Number of protein chains: 2
Amino acid sequence: MNYDEAKMKFVSTWGSLGTLWGINKAMAQIQALLFISTKPLSMEDVMEDLKISRGNTSMNLRQLMDWGIVTKEIIPGERKEYFTTEKNVQELARIIAKERSRREIQPVIKVLKEVSSITDDGTEKTRELIKQTKALHDLTETADDMIHKMATQKQNWITKSVLKFMK
Amino acid sequence: MNYDEAKMKFVSTWGSLGTLWGINKAMAQIQALLFISTKPLSMEDVMEDLKISRGNTSMNLRQLMDWGIVTKEIIPGERKEYFTTEKNVQELARIIAKERSRREIQPVIKVLKEVSSITDDGTEKTRELIKQTKALHDLTETADDMIHKMATQKQNWITKSVLKFMK
DNA sequence: ATAAACTTTCAATAATTATTGAAAGTTTAA
DNA sequence: TTAAACTTTCAATAATTATTGAAAGTTTAT
């Protein structure tokens, strides 16, 4: 496997994994491309390399910036805008975890709390609803807590602490 | 908010969260419905309650069984098949984590390993590709490890150990 | 102020994914 | 063995989501 094959394989695999962390294919591929690039890339570069349209590139780069994963780079003397992604994987994981919590987990926690707080009319079905949504609420909240703790952990949480913790 | 409103709210919220754990809306809604039901439900029951077709119900119930989240229940004297879901949230989380690892994370780890093992021709771009895919490989593997450790943890890992661990 | 260089927007279209429903398949009871 | 009760399959269709491309918008240099 040569460089170009390996690059393609990486970009497309990472792209299809996008769903796992809740972003679309093009977005994930752009990020992947930037991730292994040795220098900032212009919109032109990205379009050419991934063979996607200007509009698509523009929109997805914007989304990546909204996520805080990609930043614009100003190159002196250049008119075009250039882009780079966070290169540190730990930091990348941190940002993604935090954003997903904010965008998806928090709203669910809110609903679970609401639902589990309905008044108990004493019927079996109501009791079950309350009981089970409470359990989910607790689980979700604890998992989310965990994500946040990870996310604010300054140093290297994953490589250092996890195996030890897991006994 | 009365029982029916609460139930609907729960089912649809949980359904739309489906994507977060990688399953589709109908599948997640069926699971949600079973999760708060006090007794096993037939296909008929599910169809009626969620207003989805017989075919859809059948297919999604099957998928849930493939995941190991839902099981058939034989009710003596009844011709229909009845279904229940795992009611323990910890166990549910365990199963889902394990399945997602197997279905999605493992294949990616494999590709990352392949890509990060290409021969280093000394060029900067090849070095960057190797370096970054290696870093991702390590991160993904460690995260996956964590998931597995959680998944095989017999007792209550999340509520007991996490906060302490996270210092 | 003008125009070239570049980016964004968004309606149209394409691609993907989910859903239906009816025919085919299976199981059970008699 | 037959037929009723039930489930599965799958081609057709609907719904959703991603992508394009060209017009509109912005910025910069002169």
Side-chain angles (χ1 to χ4, degrees), chain A residues 11-34 40-67 70-84 100 103-104, chain B residues 11-34 40-67 70-84 100 103-104:
Chain A
V11 169
S12 78
T13 303
W14 202 242
S16 66
L17 188 68
T19 51
L20 191 70
W21 39 296
I23 68 176
N24 75 31
K25 205 183 70 181
M27 216 174 136
Q29 289 191 347
I30 293 172
Q31 198 275 329
L33 191 63
L34 293 173
L41 300 180
S42 68
M43 230 172 71
E44 210 72 23
D45 295 333
V46 174
M47 289 170 57
E48 246 169 57
D49 213 324
L50 300 180
K51 272 121 186 79
I52 57 180
S53 72
R54 189 174 294 287
N56 201 3
T57 308
S58 170
M59 283 171 128
N60 283 109
L61 276 169
R62 172 112 84 85
Q63 279 213 72
L64 283 164
M65 288 188 284
D66 286 349
W67 274 74
V70 161
T71 46
K72 264 187 198 163
E73 197 89 352
I74 304 298
I75 296 194
E78 285 273 14
R79 192 76 166 268
K80 282 189 202 127
E81 296 177 326
Y82 284 78
F83 301 89
T84 43
R100 289 215 79 185
R103 290 167 198 238
E104 303 186 79
Chain B
V11 169
S12 76
T13 304
W14 202 242
S16 66
L17 188 68
T19 52
L20 191 71
W21 39 296
I23 69 177
N24 75 30
K25 206 183 68 181
M27 216 173 134
Q29 289 191 348
I30 293 172
Q31 198 277 328
L33 190 64
L34 293 173
L41 300 181
S42 68
M43 231 172 71
E44 211 72 25
D45 295 334
V46 174
M47 288 172 57
E48 245 170 57
D49 214 324
L50 300 179
K51 272 124 188 74
I52 58 181
S53 72
R54 189 174 295 284
N56 201 2
T57 308
S58 170
M59 282 168 128
N60 283 111
L61 275 170
R62 173 114 82 86
Q63 279 213 73
L64 283 165
M65 289 189 283
D66 286 349
W67 273 74
V70 162
T71 46
K72 266 186 196 163
E73 196 90 351
I74 303 298
I75 296 195
E78 285 274 12
R79 192 76 166 268
K80 284 191 202 127
E81 296 177 327
Y82 285 78
F83 301 90
T84 43
R100 291 214 77 184
R103 290 166 198 239
E104 303 186 79

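In what follows, chains carry the letters A, B, and so on, assigned in the order in which the sequence lines appear, proteins first and then strands, with residues in each chain numbered from 1. Here the structure is a predicted model, which is why all the values come from computation and not from measurement.
- Take the nearest nucleotide of DNA chain C for R54(A) and for T57(B): the residue whose nucleotide is more 5' is R54(A).
- Rounded to whole angstrom, the span from the CD1 atom of I23(A) across to the P atom of dT19(D) amounts to 12 Å.
- The line from CG of L41(B) to OG1 of T57(B) is 11.5 Å long, rounded to the nearest 0.5 Å.
- Scored by the side chain to side chain donor-acceptor pair (under 3.5 Å) test, D45(A) finds S42(A) as partners (sequence neighbours excluded).
- In this view, K72(A) and E81(A) satisfy the side chain to side chain donor-acceptor pair (under 3.5 Å) rule, not counting sequence neighbours.
- Between the CD1 atom of I75(B) and the P atom of dT28(C) there is a distance of 15 Å, given to the nearest Å.
- Heavy atoms of N56(A) sit under 4.0 angstrom from at least one base atom.
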Run the side-chain donor-acceptor check on residues 23-32 of chain B: report pairs under 3.5 Å with partners two or more places apart or on a different chain.
| residue | atom | partner | partner atom | Å |
| --- | --- | --- | --- | --- |
| N24(B) | OD1 | A26(B) | N | 3.2 |
| N24(B) | OD1 | M27(B) | N | 2.9 |
| N24(B) | OD1 | N60(B) | ND2 | 3.4 |
| Q31(B) | OE1 | W14(B) | NE1 | 3.3 |
| Q31(B) | NE2 | T85(B) | OG1 | 3.1 |

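- By the 4.5 Å heavy-atom criterion applied to side chains, F83(A) and L61(A) are counted as neighbours.
- Here the CD-CG distance, from E73(A) to L34(A), works out to 10.5 Å after rounding to the nearest 0.5 Å.
- One can place OH of Y82(A) at 14 Å from C1' of dT7(C), the figure rounded to the nearest angstrom.
- Atom OG1 of T71(B) is separated from atom CG of L64(B) by 10.5 Å, given to the nearest 0.5 angstrom.
- For E44(B), the salt bridge (Lys or Arg N to Asp or Glu O under 4.0 Å) partners two or more places apart in sequence, or in a different chain, are R54(B).
- Remark: S12(B) engages no residue in a side chain to side chain donor-acceptor pair (under 3.5 Å) (not counting sequence neighbours).
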Protein-nucleic acid N or O pairs under 3.5 Å, nucleotides 27-30 of chain D:
| residue | atom | partner | partner atom | Å |
| --- | --- | --- | --- | --- |
| dT28(D) | O2 | R79(A) | NH2 | 3.1 |

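- Taken residue by residue, residues 42-53 of chain B places heavy atoms nearer than 4.0 Å to DNA chain D at M43(B).
- In this structure, CG of N60(A) is placed 16 Å from P of dC10(C), rounded to the nearest angstrom.
- Distances shorter than 4.0 Å separate none of the side-chain N or O atoms of S58(B) from OP1 or OP2 on dT7(D).
- One interatomic measurement links the two molecules: CE of M59(B) to P of dA11(D), which rounds to 10 Å at whole-angstrom precision.
- For E104(A), the salt bridge (Lys or Arg N to Asp or Glu O under 4.0 Å) criterion is met by R100(A), not counting sequence neighbours.
- Annotation: side chain to side chain contact (heavy atoms under 4.5 Å, CB included) contacts of R79(B) (sequence neighbours excluded): none.
- Pairs of Watson-Crick or G-U wobble type, with distances under 3.5 Å, assemble into runs of 3 or more in DNA chain D at these ranges: C:1-30 with D:1-30.
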Output one line per pair: protein atom, nucleotide atom from nucleotides 24-26 of chain C, and distance, for all N/O pairs under 3.5 Å.
none

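- Rounded to whole Å, the distance from CD on E78(B) to C1' on dC6(D) is 12 Å.
- By the side chain to side chain donor-acceptor pair (under 3.5 Å) test, E48(B) is found to be paired with no residue, residues two or more places apart in sequence or in another chain being considered.
- For K25(B), taking side-chain heavy atoms from C-beta onward, the closest of the listed nucleotides dC10(C), dT8(C), dT19(C) is dT19(C).
- In this structure, of dA18(C), dT7(C), dT8(D), it is dT8(D) that holds the atom nearest to the side chain of K72(B).
- Between K80(A) atom NZ and dT8(C) atom C1' there is a gap of 17 Å when expressed in whole angstrom units.
- The interatomic distance linking L64(B) (CG) with dA18(C) (P) rounds to 13 Å, in whole Å.
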